[in-house]
Amino acid sequence: MMIYQRPKGTRDLFALELKRIEAINYQARQFFESSGYVEIKTPTFEFAQLFARSIGETTDIVEKEMYLFEVDKRQYVLRPEGTASVLRAFIENNLRVPARFLYIGPMFRKERPQKGRYREFLQIGIELLGEGEPFYDAEMIEQANRFLNLIGLNEKIIEINSIGCPECRRRYKEKLLQYLKPKIDRVCPDCQRRFQRNFLRIFDCKNKTCQIIYTDAPKITDNLCDQCLNHYNQVKNFLNAFSIEYIENKKLVRGLDYYTRTVFEFKHRGLGAQNTILAGGRYDLLMKELGGKDLACLGWAMGVERLLLILPENLPEIKQKKKIFIIVIGERFISEMVKIRGLIQQRDGICILGNPSATLKSQLKKANRIQSDYVIIFGEDEEKKGVYTVRNMETGYQESVEIKSFADYLNKLLQ
RNA sequence: GUGAGUGUAGCUCAACUGGCAGAGCAUUGGACUGUGGCUCCAAUGGUUGGGGGUUCAAGUCCCCUCACUCACCCCA
């Protein structure tokens, strides 16, 4: 029956939903620009190799979730995340540190859609390049927390962890292996696969028996090298200094390979299975990995759709414009109609024209159906008296306004 | 990629063990010729997602397929 339909996991956005997205984006710009971040717009597609290199060849994103396409024998991909592009742009344009970037835009991952998860989805993220001190880990989290409070999201759970550096992880992996060896038959097949590919992610498993086994397993957090441990402890101290309430989750890990040391997630109840609204961490090795200088960096991203699922429907920033319907009776009044419309549009009102050949009744009916706030009527009677008739469609109150004082009248009406 | 649930008019949903496809809302017209909403009357609207099978007979039972939703995987 339906010939054309949108691709799975994409959405058509209309009136209120678009307004809500715009409201969030606007707030993000205001807030983060006031904290020294500058907006950056990178392309929505990049060379595929950029993400393979940064996110990790063996991650699910790179292995099966990328929208790949080839043009002129070159491999491209619709970006699955924002960080790699920002670093690429920073390196390519030879910018200076420390640098703070804000990005806003769509990302693409070929996953099965679910509540709060789409194939084309919107992210707002910030990146702080060239700051390695633990103070900035805490500041990033504090910024995220304050922004979410600002847009009305007070109930949230902040979880943090440290996944150390490659050196910590190498030693820890051996220790974990010792513990798991005798039990490896009892964990689920997914976990056996995970252990081979990205062993930290076994802790993400939701299988009951797996979780019981992992509860007593050694944790990366308890096996950090001195520097990483010191860094982590300082992050926690600074978070306390910022009065941020957080939970240490020793099982918290990340799905992207480039993270080091601090990782964190902001979660919310009542979002269903996809309950993470914001996530990020430190990625001190990525800049060098992508061919830049050896600079410590950190950042996070939040999912706009997930935010909108839990925020109230009418965000305070959305102001409704007045909708005014113009009725003239007879085609000879079209020039008058155009004049009125110009006055309304100059004053930022919404103006919709009725069909001049139709009856007053049918035009009013249409004005009502599209939920006009006011109707302006001009016909023979008004022409004789030199007035416009203005009808309030909610109350039904109607008044005559002198044509020469109409502009002033509109100023008040649309203020 | 795996599993479960759902698909009937533009929308929200009915139709007992297989037996004439229905209601409310919306739309259009009229009651009502420069005054919308309310009320009343009437009309329009369907390949029951698509294909195949069983049956005298399928919206209903069986198989396949497509779409949506939720969950797994994974992630914002």
Side-chain angles (χ1 to χ4, degrees), chain A residues 1-11 55-56 58-66 79-83 103-125 144 188-191 193-194 197-198 201-202 204-207 253-256 264-268 271-281 299-310 325 327-330 354 358-384 389-398:
Chain A
M1 186 151 65
M2 221 82 77
I3 302 172
Y4 296 112
Q5 46 191 334
R6 55 179 189 271
K8 188 192 290 288
T10 63
R11 301 182 305 155
I55 297 171
T58 63
T59 57
D60 278 39
I61 291 177
V62 170
E63 277 193 345
K64 55 186 191 191
E65 293 175 2
M66 297 212 297
R79 62 181 182 193
E81 60 110 39
T83 300
Y103 63 87
I104 297 174
M107 307 294 165
F108 306 85
R109 292 180 200 171
K110 193 177 145 297
E111 302 174 278
R112 282 284 278 270
Q114 216 172 301
K115 186 182 177 77
R117 193 171 77 185
Y118 304 93
R119 290 185 166 186
E120 177 176 12
F121 60 101
L122 301 169
Q123 279 194 342
I124 296 172
C188 67
D190 280 335
C191 278
R193 187 177 53 90
R194 283 194 193 98
R197 295 174 32 171
N198 185 339
R201 273 191 285 167
I202 59 171
D204 263 346
C205 188
K206 285 168 187 166
N207 183 301
V253 296
R254 311 264 60 228
L256 283 64
F264 52 86
E265 282 188 16
F266 286 53
K267 295 180 181 179
H268 190 273
L271 251 186
Q274 312 305 320
N275 60 359
T276 301
I277 52 175
L278 181 151
W300 52 250
M302 59 186 162
V304 175
E305 288 85 354
R306 289 181 189 180
L307 262 181
L308 291 176
L309 278 175
I310 49 184
F325 194 92
I327 296 176
V328 299
I329 301 156
T359 60
L360 174 61
K361 184 190 179 78
S362 70
Q363 293 195 67
L364 265 175
K365 212 166 179 176
K366 190 183 284 182
N368 181 56
R369 190 166 60 224
I370 63 173
Q371 298 175 53
S372 310
D373 296 298
Y374 297 93
V375 167
I376 293 166
I377 302 166
F378 190 75
E380 281 182 22
D381 295 355
E382 284 79 5
E383 186 187 32
K384 277 182 206 146
T389 298
V390 179
R391 183 178 181 84
N392 180 323
M393 289 299 278
E394 195 189 343
T395 64
Y397 175 75
Q398 195 166 293

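Here is how names work: the chains are called A, B, and so on, in the same order as the sequence lines, proteins then strands, and each is numbered from 1.
- The 5' end of RNA chain B is approached more closely, in terms of each residue's nearest nucleotide, by G272(A) than by the other of G272(A) and E65(A).
- Considering only heavy atoms from C-beta on, L364(A) comes within 4.5 Å of V375(A) through its side chain.
- Between G46(B) and C11(B), the two P atoms lie 13 Å apart (nearest whole Å).
- Pairing for U54(B) is absent, with no Watson-Crick or G-U wobble pair whose two atom distances lie under 3.5 Å.
- Side chain R201(A) to base C74(B): no donor-acceptor pair is found below 3.5 Å.
- Under 3.5 Å, the side chains of E120(A) and T10(A) contain no donor-acceptor pair of N or O atoms.
- The base of C68(B) does not come close enough to the side chain of K8(A) for any donor and acceptor atom to sit less than 3.5 Å apart.
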>> Evaluate M302(A) against Q123(A) for side-chain contact (heavy atoms from CB on, under 4.5 Å), listing each step before the verdict.
In response: CA-CA 5 Å; M302(A) 59 186 162; Q123(A) 279 194 342; over 6 Å; no

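- Across all strands shown, A23(B) forms a Watson-Crick or G-U wobble pair with U12(B), both key distances being under 3.5 Å.
- RNA chain B lies under 4.0 Å from at least one heavy atom of each of the following residues of residues 300-309 of chain A: A301(A), G303(A), R306(A).
- Ranked by how close their nearest RNA chain B nucleotide is to the 5' end, Q398(A) and K64(A) are led by Q398(A).
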Collect all protein-nucleotide pairs involving nucleotides 24-31 of chain B in which both atoms are nitrogen or oxygen and the distance is under 3.5 Å.
residue : atom : partner : partner atom : Å
U28(B)  : OP1  : R369(A) : NH1          : 3.2

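- Contacts between residues 106-115 of chain A and RNA chain B, defined by a heavy-atom separation under 4.0 Å, are made by R109(A), E111(A), R112(A), Q114(A), K115(A).
- Judged by Watson-Crick or G-U wobble contacts below 3.5 Å, the nucleotide G5(B) has C68(B) as its partner.
- Here Q363(A) lies out of heavy-atom contact (under 4.0 Å) with every strand.
- The partner of G36(B) is absent, by the rule that a Watson-Crick or G-U pair needs both atom distances under 3.5 Å.
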